[in-house]
Amino acid sequence: MTYYDELETRSADEREDSLARDLARAIANAQTAPALARALRDVDPAEIRSRADLARLPLIRKAELSEAQKKKPPFGGYTTRHPHEFNHIFQSPGPIYEPGRVEGDWFRLGRFAFAAGLGSSDILHNCFGYHLTPAGMMFESAARAVGAAVLPAGTGQTELQVRAAADIGTTAYAGTPDYLKVILDRADEMGVELSLARALVSGGALFPSLRKTYMDRGIKTLQCYATADVGLIAYESPAMEGMIVDEGVIVEIVRPGTGDPVPEGEVGEVVVTTLNPDYPLIRFATGDMSAVLPGESPCGRTNMRIKGWMGRADQTAKIKGMFVRPEQVAQLVARHPEVSRARVVADRADEMDVMLVQLETTGQNPAVYEASVLDALKLKGRVELVAPGSLPNDGLVIEDRRQYD
């Protein structure tokens with residue numbers, strides 16, 4: 001079988017007919033969720049039948065979810081089910097709470113797994129986290145959808161991971177792009193030969209040099225773009241020409257700060273409407289930047305393609321697979337009266353993400369701040385103390401120096 005299902009190769013007319021039907025149903029269903037019922041109270045679902053109609057509706061931003069969840073935990077009225085009707089409840093940094101279910105590949109990553117060549121003869125070494133955040137369960141669900149077995153590895157204890165991969169004979173890796181290199185380097189140090197033939201990566205940028213490193217070792221590496229809120233958004237196929245939008249979402253590219261779609265090819269913010277009946281987010285603004293690629297993928301899949309992740313519309317950065325947000329930096333500064341300003345710098349070293357935290361302070365010992373950095377930002381990073389007034393006066397609290405081309 002060449003494709004996951006017949007949806008992937010629909011004609012343009014078939015896709016538009018389906019869009020008209022699915023959009024109206026999605027809006028009507030969303031209006032049964034209390035928060036969305038308020039936001040969409042003046043909308044007639046029968047009148048939302050195209051992308052142009054959809055573009056008239058308001059955006060939902062992550063900050064709104066967070067505020068709504070504080071007032072009405074855990075989901076803020078954005079789900080059509082009660083919390084106990086879900087199989088899982090996850091917590092992402094913020095905190096933001098997301099629901100999850102086991103039935104039917106709820107996050108829809110099976111489509112990506114199939115495109116990446118994962119199947120019933122594979123054992124997936126799943127290095128996404130299983131604690132609190134949903135990524136581990138998302139890829140567990142993907143493996144189940146295509147019949148693959150799973151080693152639920154998570155992160156850390158790299159030597160044990162290498163031994164397990166060798167003993168079990170794992171054939172595929174799932175995790176952030178960087179962590180696979182950690183495993184491979186440790187295997188080399190241990191003199192252990194692994195059987196990994198493919199890698200399914202997400203949660204961070206797959207830099208061309210790193211992909212080549214894996215390809216040179218015989219590991220075919222493809223990436224997907226997914227979030228805890230809406231599941232799979234887009235994915236690479238073996239053609240490796242952009243990312244193909246998933247069949248369970250509608251993607252718009254809009255001008256940052258607005259809900260207005262930009263012309264094809266122009267870089268803008270990714271806005272996603274999910275057709276998930278349990279968690280029907282309508283025009284969810286991801287904060288990620290991308291652009292539409294013209295035409296269809298050479299692999300034969302006919303849905304819209306985007307260029308992939310092209311940075312953030314705000315200053316939020318994803319470092320080592322974790323989001324770091326301006327409000328977290330503000331919390332760090334607030335903990336230390338002697339610190340006047342802070343700047344987080346994301347960079348690359350030895351094909352891995354690194355984080356530098358610069359603090360304007362009269363303090364002299366960087367070690368004093370290391371625990372606060374880990375607690376506030378949820379990541380370890382090098383702390384550099386600088387003189388008060390020496391950081392650039394440009395409004396940046398998070399600077400991303402990584403190159404994405």
Side-chain angles (χ1 to χ4, degrees), residues 1-5 8 105 108-128 135-136 138-151 153 158 161-162 164-166 168-188 192-226 232-246 293 296-301 303 305-309 321 351-352 404-405:
M1 183 178 176
T2 306
Y3 303 106
Y4 189 67
D5 57 30
E8 295 184 346
D105 189 25
R108 306 178 320 282
L109 267 79
R111 190 176 300 282
F112 167 54
F114 183 90
L118 194 71
S120 58
S121 62
D122 285 302
I123 302 174
L124 181 68
H125 192 121
N126 188 3
C127 290
F128 281 109
M138 291 168 75
F139 277 81
E140 177 100 9
S141 177
R144 188 182 303 113
V146 297
V150 176
L151 169 66
T158 309
Q161 294 222 25
V162 169
I168 296 170
T170 54
T171 57
Y173 164 90
T176 59
D178 289 351
Y179 192 57
L180 176 56
K181 188 172 187 298
V182 174
I183 291 175
L184 294 174
D185 288 347
R186 182 61 60 85
D188 291 343
V192 173
E193 185 174 346
L194 302 181
S195 302
L196 296 173
R198 56 181 55 85
L200 291 69
V201 303
S202 191
L206 174 59
F207 293 87
S209 58
L210 189 57
R211 193 202 300 259
K212 184 177 185 302
T213 295
Y214 298 151
M215 292 293 196
D216 289 345
R217 297 185 65 136
I219 302 174
K220 186 175 182 180
T221 305
L222 296 178
Q223 61 184 325
C224 78
Y225 170 31
L232 182 65
I233 297 173
Y235 61 99
E236 286 186 325
S237 76
M240 289 196 295
E241 291 191 11
M243 288 187 170
I244 303 160
V245 172
D246 177 56
L293 281 175
E296 297 177 357
S297 173
C299 70
R301 293 172 175 85
N303 207 352
R305 295 180 300 161
I306 59 176
K307 289 185 178 180
W309 191 78
E351 296 292 1
M352 297 185 67
Y404 296 97
D405 50 20

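In this chain, numbering begins with 1 at the start of the sequence shown. From a predicted model like this one, the values you see are computed outputs, not experimental measurements. These numbers come from the heavy atoms of this one structure, side chains and all, not from hydrogens, waters or symmetry mates.
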Next item on the list: Show your reasoning for whether side chain to side chain contact (heavy atoms under 4.5 Å, CB included) applies to Met240 and Leu222.
Entry: CA-CA 8 Å; Met240 289 196 295; Leu222 296 178; 3.5 Å; yes

Next item on the list: Could you check Glu296 against Arg301 for side chain to side chain contact (heavy atoms under 4.5 Å, CB included), going step by step and ending with a plain yes or no?
Entry: CA-CA 7 Å; Glu296 297 177 357; Arg301 293 172 175 85; over 6 Å; no

Margin query: Determine whether Asn303 and Glu8 satisfy the following criterion, side chain to side chain contact (heavy atoms under 4.5 Å, CB included), listing intermediate values before the conclusion.
Written below: CA-CA 7 Å; Asn303 207 352; Glu8 295 184 346; over 6 Å; no

Next item on the list: Step by step, work out the side chain to side chain contact (heavy atoms under 4.5 Å, CB included) result for Met243 and Lys307.
Entry: CA-CA 6 Å; Met243 288 187 170; Lys307 289 185 178 180; over 6 Å; no

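Here Asp105 does not pair with Arg111 in a salt bridge; the nearest charged N to carboxylate O distance is not below 4.0 Å. Salt bridge annotation for Arg211-Glu236: present, with a cationic side-chain nitrogen under 4.0 angstrom from a carboxylate oxygen.
For the residue pair Gly203 and Thr176, the shortest heavy atom distance occurs at O-CG2, 4.4 Å. Annotation for Leu118 and Ala143: closest pair CD2-CA, 4.2 Å, computed over non-hydrogen atoms. Scanning both residues, Ser237 and Ser297, for their nearest heavy atoms gives OG-OG, 3.8 Å.
Note that the CD1 atom of Ile233 and the CD1 atom of Ile306 stand 7.0 Å from one another [nearest 0.5 Å]. Taking CZ of Arg144 as the start and OG of Ser141 as the end, the distance is 5.5 Å to the nearest 0.5 Å. Atom-to-atom distance recorded for Tyr225:OH and Trp309:CH2 is 9.5 Å, nearest 0.5 angstrom.
Remark: the Glu351 side chain and the Thr213 side chain contain no N/O donor-acceptor pair separated by less than 3.5 Å. Checking Thr158 against Tyr179 by side-chain atom types alone, a donor-acceptor pair falls below 3.5 Å.
Within the 3.5 Å criterion, the main-chain N or O of Ile123 finds a donor-acceptor partner in the side chain of Thr171. For Thr170 (side chain) and Ala172 (main-chain N/O), no donor-acceptor pair under 3.5 Å exists by modelled atom type. Under the 3.5 Å distance criterion, the side-chain polar atoms of Arg108 are matched with a main-chain donor or acceptor of Leu232. In terms of modelled atom types and a separation under 3.5 Å, the side chain of Asn126 and the main chain of Gly136 share a donor-acceptor contact. The backbone N or O of Ile219 lies less than 3.5 Å from no partner atom in the side chain of Tyr214, so there is not a single donor-acceptor pair. Looking at Asp122, its side chain never comes within 3.5 Å of a backbone N or O of Leu124 through a donor-acceptor pair. Judged by distance alone, with hydrogens and angles left aside, the side-chain atoms of Ser202 form a donor-acceptor pair with the main-chain N or O of Cys224 at under 3.5 Å. Checking side-chain atoms of Arg198 against main-chain N and O of Ala116 turns up a donor-acceptor pair under 3.5 Å.
Under the 4.5 Å side-chain criterion, counting only non-hydrogen atoms from C-beta, Thr221 is not in contact with Leu210. At least one side-chain heavy atom of Val201 sits under 4.5 Å from a side-chain heavy atom of Tyr173. In this structure, the side chains of Leu200 and Leu109 stay at 4.5 Å or more apart for every pair of heavy atoms. At least one side-chain heavy atom of Gln161 sits less than 4.5 Å from a side-chain heavy atom of His125.
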